[in-house]
Amino acid sequence: QVQLVESGGGLVQAGDSLTLSCAASGRTFVLLNMGWFRQAPGKEREFVAAVAWTDDSTYYADSVKGRFIISRDNAKNTLYLRMNSLNPEDTAVYYCAKYRGSLMTMPRSPLEYEYWGQGTQVTVSS
């Protein structure tokens, strides 16, 4: 079992930055492949970013590449998502999740993740 708790969401203006955190417990965090997803009202959950534990390889959705940065602090058992240059299209509930396998072969598929946090709301006003 892995417990994930997101925090850091809020209401910001277009162009602002925000950092989300995801605190993990229940498993050795350094060995976990982790990802961020988001879901806007009326839309399916979509991949945002992921990081592999083996070599810290990172993966990003095209829509956030160059603006968002995923990182992890293994000493604190915490995953981060730094979001820069936010725009209204980034408005969504953001979720962190634990990848199912030890090798991250399909980081963009939500079906490959087995534990999810409760989500944190990010709202970007224009």
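Under the rule for a salt bridge (Lys or Arg N to Asp or Glu O under 4.0 Å), the partners of R67 that lie at least two apart in sequence or sit in another chain are D90. The side-chain contact (heavy atoms from CB on, under 4.5 Å) check on S126 picks up P88, with sequence neighbours excluded. For K65, the salt bridge (Lys or Arg N to Asp or Glu O under 4.0 Å) partners at least two apart in sequence or on another chain are D62. With sequence neighbours excluded, the residues forming a side-chain contact (heavy atoms from CB on, under 4.5 Å) with Q1 are Q3, Y115, listed by chain and number. Residues forming a side-chain hydrogen bond (donor to acceptor under 3.5 Å, both in side chains) with N74 (at least two apart in sequence, or on another chain): R72. For S7, the side-chain contact (heavy atoms from CB on, under 4.5 Å) partners are S21, not counting sequence neighbours. Legend: residues meeting side-chain hydrogen bond (donor to acceptor under 3.5 Å, both in side chains) with S85, ordered by chain and number and at least two apart, are absent.
Pairs passing the salt bridge (charged side-chain N to carboxylate O under 4.0 Å, His left out) check and including a residue from residues 40-50, sequence neighbours excluded, read R38-E46. Listed by first and then second residue, the salt bridge (charged side-chain N to carboxylate O under 4.0 Å, His left out) pairs that reach into residues 110-126 are K98-E114, sequence neighbours excluded. Pairs of residues two or more places apart, or lying in two chains, never qualify as salt bridge (charged side-chain N to carboxylate O under 4.0 Å, His left out) while including a residue from residues 116-126. Screening residues 49-95 for ring pair (Phe, Tyr, Trp, His ring centres under 6.0 Å) gives no qualifying pairs among residues at least two apart or on separate chains.
Residues L79 and I70 form a side-chain contact, since some pair of their non-hydrogen atoms from C-beta on lies under 4.5 Å apart.
Hydrophobic clustering (side-chain heavy atoms under 4.5 Å, transitive across Ile, Leu, Val, Met, Phe, Trp, Tyr) groups W36 together with V122. In the hydrophobic cluster analysis, where Ile, Leu, Val, Met, Phe, Trp and Tyr join through side-chain heavy atoms closer than 4.5 angstrom, M34 is grouped together with V64. The hydrophobic cluster containing F47 also contains V93, counting ILVMFWY residues as joined when their side-chain heavy atoms lie under 4.5 angstrom apart, directly or transitively. If you chain together hydrophobic residues whose side chains sit under 4.5 Å apart, L20 and V51 fall into the same group. There is a path of hydrophobic side-chain contacts, each under 4.5 Å, that joins L32 to V48.
Under a 4.5 Å side-chain heavy-atom criterion applied to ILVMFWY residues, the cluster that includes L11 comprises that residue alone.
The CZ atom of R100 sits 11.0 Å away from atom OG1 of T105, with the distance rounded to the nearest 0.5 Å. Atoms CD1 and CG, on I69 and L81 in that order, are 9.0 Å from each other to the nearest 0.5 Å.
The two residues L4 and A97 make their nearest non-hydrogen contact at CD1-CA, 3.7 Å. For the residue pair A92 and Q121, the shortest heavy atom distance occurs at O-NE2, 3.4 Å.
With hydrogens and angles ignored, the 3.5 Å screen pairs no side-chain donor or acceptor of E6 with any backbone N or O of C22. Between the N33 side chain and the S102 main chain, a donor and an acceptor come within less than 3.5 Å of each other. With hydrogens and angles ignored, the 3.5 Å screen pairs a side-chain donor or acceptor of Y113 with a backbone N or O of P107.
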